[in-house]
Each structure stands twice: as structure tokens, then as C-alpha cells.
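Here's the structure we're looking at; comments come further down.
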Amino acid sequence: MGTLPVREFLDRALTVSSSDGLAVHYLRREDLIAMRRAVGRPKDLRRAEELERR
């Protein structure tokens with residue numbers, strides 16, 4: 001089993017802030033796909049395929 005470069009994923013995460021200071025961080029699509037594939041559960045693999053089609 002390999003390791004995921006989670007710190008790298010977090011460093012590349014995007015952030016959107018609202019005018020009242022709420023910040024939402026989210027992973028880039030390719031990193032989210034990699035994480036879902038690494039977990040390997042059937043539902044994660046299906047979701048990774050869905051994300052790749054978009």
C-alpha cells in the first residue's frame with residue numbers, strides 16, 4: 001500500500017472566502033480523484049469515475 005501526499009493536496013487546495021469571513025477550502029479535482037482511488041471502496045471508485053467524466 002502506498003502513501004498519499006496529503007500535505008501536498010492540502011497545499012494545493014483552493015479557498016473561497018465570503019464577505020463575512022467564512023472560508024471554505026476544497027481539494028482540486030485531480031487530488032480528490034486520487035484520494036478516492038486510493039481508498040478503493042466501490043462507492044469511491046464510482047465517484048472517481050464520475051469526477052473524471054466531468
Side-chain angles (χ1 to χ4, degrees):
M1 177 182 269
T3 60
L4 286 173
V6 175
R7 178 79 259 164
E8 292 176 28
F9 292 170
L10 294 174
D11 289 343
R12 287 192 296 264
L14 304 171
T15 303
V16 176
S17 299
S18 67
S19 60
D20 64 353
L22 176 67
V24 176
H25 307 280
Y26 58 98
L27 295 176
R28 293 181 178 276
R29 180 187 309 246
E30 59 271 14
D31 293 339
L32 181 57
I33 291 168
M35 290 180 82
R36 293 224 180 237
R37 290 206 175 280
V39 171
R41 296 179 300 184
K43 67 180 182 179
D44 289 307
L45 296 175
R46 283 192 306 271
R47 187 64 179 128
E49 289 175 9
E50 291 171 4
L51 288 166
E52 288 175 328
R53 286 194 297 262
R54 293 181 182 202

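Side chains are part of it too, since the values below use all heavy atoms of this structure and drop only hydrogens, waters and symmetry mates.
At distances below 3.5 Å, not a single donor-acceptor pair connects side-chain atoms of R37 with backbone N or O atoms of A48.
L14 and V24 fall into different hydrophobic clusters, where Ile, Leu, Val, Met, Phe, Trp and Tyr residues are linked whenever their side-chain heavy atoms come under 4.5 Å apart, directly or through other members. L51 and L45 end up in different hydrophobic clusters when Ile, Leu, Val, Met, Phe, Trp and Tyr side chains are linked at under 4.5 Å. Linking ILVMFWY residues whenever their side-chain heavy atoms come closer than 4.5 Å, directly or via other members, leaves L4 and V39 in distinct clusters.
To the nearest 0.5 Å, atom CZ of residue R47 and atom CG of residue L32 are 7.5 Å apart. A distance of 6.5 Å separates CD of E30 from CZ of R28, quoted to the nearest 0.5 Å.
Ion pairing between E50 and R36 fails under the 4.0 Å rule for side-chain N and carboxylate O.
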